[in-house]
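These numbers come from the heavy atoms of this one structure, side chains and all, not from hydrogens, waters or symmetry mates.
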Amino acid sequence: MGHPYSQFRYGFMLENGYGVERDVPAAVIWYRTAAEQGDISAQTRLSSLYRRGQGVPRDPAEALKWSRLASEQGSPVAQYELSLIYQHGEGVPADMGESVRWLQASAKQGYIHSLTRLGMLYDQGVGVPQDFAAAIQWFQKAAEKGDPAAQYELSLNYAEGQGVPLNMKESVRWLRASAKQGYDMAQTNLGLLYFQGRGVPRNLKAALAWTRKGAEAGNPPGQHNLGLAYLRGEGVPQDTQKALHWFRKAAEQGHTLSQHQLASLLFFGNGVTKDTEAALQWWRRAADQGEPLAMESLGVLYLKGMGVPKDEAQAAKLLRRASEKGRPTAGEHLRLLCARTPGLGACQKAPA
């Protein structure tokens, strides 16, 4: 009978398979029918589908069209989407000014994701002047509405005294609220606090429980910390195989410290099958991403000819890079090498 909101609701049921067989293409037809009559919800949903290519071919122009129409009618969800479109330049030239304008319009209506995102922009100084106090205000609004990402960011601000007085009690309160909602970074950080006894009494059982939650949710630092716990036998029986398992999971996600730890275990074969070639590959991956521990380890290998042909020039390059990134032992290796072989290219500049 042409009732636009009913058309939207029927499209929503089709898209999600509520009471009917799921049929996204049919849902899009009903969304469009409602959107062309000015239904904000249908316009917003169409924008999202075209922006992500869900059930329809990805079409930035269509996403922009429907997002703009819904935004101009005051939809905070569409305004949030339109902000992202302008930030990433999807179908329009990237424009942080327009992005912030629409994000602020959405945040002022209390849309939780906009509150958090606006806080992030002020925290990082992206598109707006860096302003920690303003960031705190937006994070606080979103955190009180229950957004775990905002709760996590707020906990960091309290832990670092950034925009607010340093307050570990408040930091732990917000971190725990976020962790309880399953936010993996918060779970990992809360586990670390229990390991360190910072802001909470040291408690290895709680540390392992929260760290494991973060690790099992796929958080690389959580996986790394769980690997360290098994490697050291901290709160769990020492188990190098389990340590290797968690280091590998984090390493495969690009976590450089885990790549270094994984390489060390494989190279020396401490409790695991020795695999020199795999170890060298992991050390190189970590070094290429700027991990100084990996640079130093590779440098020492080239210096001594362990697992690789001896190459003092390559050793000097790696040791210099590690030294410049704050590894004092790498600097000492480099000084001794340069004293013995001053003609090396990396020795022409005084070691850091």
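Residues Ser155 and Asn189 are not in side-chain contact: their nearest non-hydrogen atoms beyond the backbone lie 4.5 Å or more apart. Taking 4.5 Å as the limit, some side-chain heavy atom of Tyr80 sits within range of a side-chain heavy atom of Leu103. Looking only at side-chain heavy atoms (C-beta outward), Lys317 and Arg321 stay at 4.5 Å or farther from each other. Taking 4.5 Å as the limit, every side-chain heavy atom of Glu62 sits out of range of all side-chain heavy atoms of Val56. Residues Leu262 and Leu244 meet the side-chain proximity criterion, which asks for heavy atoms closer than 4.5 Å. In this structure the side chain of Glu90 never reaches within 4.5 angstrom of the side chain of Leu64, judged on heavy atoms. Residues Leu115 and Lys145 form a side-chain contact, since some pair of their non-hydrogen atoms from C-beta on lies under 4.5 Å apart. Contact annotation: the side chain of Gln54 never approaches that of Val24 to less than 4.5 Å [non-hydrogen atoms, C-beta and beyond].
The structure places CD of Gln151 at 9.0 Å from CZ of Arg173, a figure rounded to the nearest 0.5 Å. Between atom CZ of residue Arg327 and atom CE of residue Met295 there is a gap of 11.5 Å, rounded to the nearest 0.5 Å. Separation of atoms CZ (Arg335) and OG (Ser323) is listed at 6.5 Å; rounding is to 0.5 Å. Of the inter-residue distances, the one linking Trp210 atom CH2 with Leu192 atom CG reads 14.5 Å to the nearest 0.5 angstrom. With rounding to the nearest 0.5 angstrom, the CZ atom of Arg176 is 14.0 Å from the CD atom of Gln181. Atom CG in Leu154 sits 7.5 Å away from atom CD in Glu170 (nearest 0.5 Å).
Put simply, the side chain of Arg320 gets close to the backbone of Ala346: a donor and an acceptor are under 3.5 Å apart. When atom types are taken as modelled, the side chain of Gln223 and the backbone of Ala250 share a donor-acceptor pair closer than 3.5 angstrom. Listed for the Gln187 side chain is no donor-acceptor partner under 3.5 Å among the backbone atoms of Gly222. At least one donor-acceptor pair closer than 3.5 Å links the side chain of Ser264 to the backbone N or O of His260. Counting only distance, with no hydrogens or angles, the side chain of Gln162 and the backbone of Asp123 share no donor-acceptor pair below 3.5 Å. Side-chain N or O atoms of Ser106 include none that pairs as donor or acceptor with a backbone N or O of Trp102 at under 3.5 Å. With hydrogens and angles disregarded, no donor-acceptor distance shorter than 3.5 Å links the side chain of Arg58 to the backbone of Arg52. Looking only at distances, no side-chain donor or acceptor of Gln261 sits under 3.5 Å from a matching main-chain atom of Ala243. Checked by atom type and distance alone, the side chain of Ser71 pairs as donor or acceptor with a backbone atom of Ala78 at under 3.5 Å.
Close placement of the Phe267 and Trp283 rings is indicated, their centers lying within 6.0 Å of each other. Ring to ring, Tyr111 and His113 are close: their centroids are under 6.0 angstrom apart. Side-chain rings of Phe132 and Tyr122 stay apart, their centers remaining 6.0 Å or farther from each other.
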For Phe247 and His224, what are the C-alpha separation, side-chain angles and deciding distance, and is it a side chain to side chain contact (heavy atoms under 4.5 Å, CB included)? CA-CA 5 Å; Phe247 287 144; His224 177 77; 3.7 Å; yes
Would you sort out whether Glu98 and Arg68 count as a salt bridge (Lys or Arg N to Asp or Glu O under 4.0 Å), showing the intermediate values? CA-CA 12 Å; Glu98 275 296 283; Arg68 192 191 300 280; 5.3 Å; no
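Test Ser48, Ser47, Ser41 against Arg45 for side chain to side chain donor-acceptor pair (under 3.5 Å) and you get one pass: Ser48. For the pairing with Glu296, the side-chain contact (heavy atoms from CB on, under 4.5 Å) check across Leu301, Thr329, Leu334, Leu318 returns one residue only, Thr329.
For the residue pair Ser114 and Arg117, no side-chain donor N or O sits within less than 3.5 Å of a side-chain acceptor on the partner. A donor-acceptor contact closer than 3.5 angstrom links the side chains of Thr341 and Glu312. Inspection of the Asn225 and Thr211 side chains reveals no N or O donor paired with an N or O acceptor under 3.5 Å.
Taking the six-membered ring where tryptophan is involved, the planes of Tyr183 and Tyr152 are tilted, since the angle between them lies from 30° to 60°.
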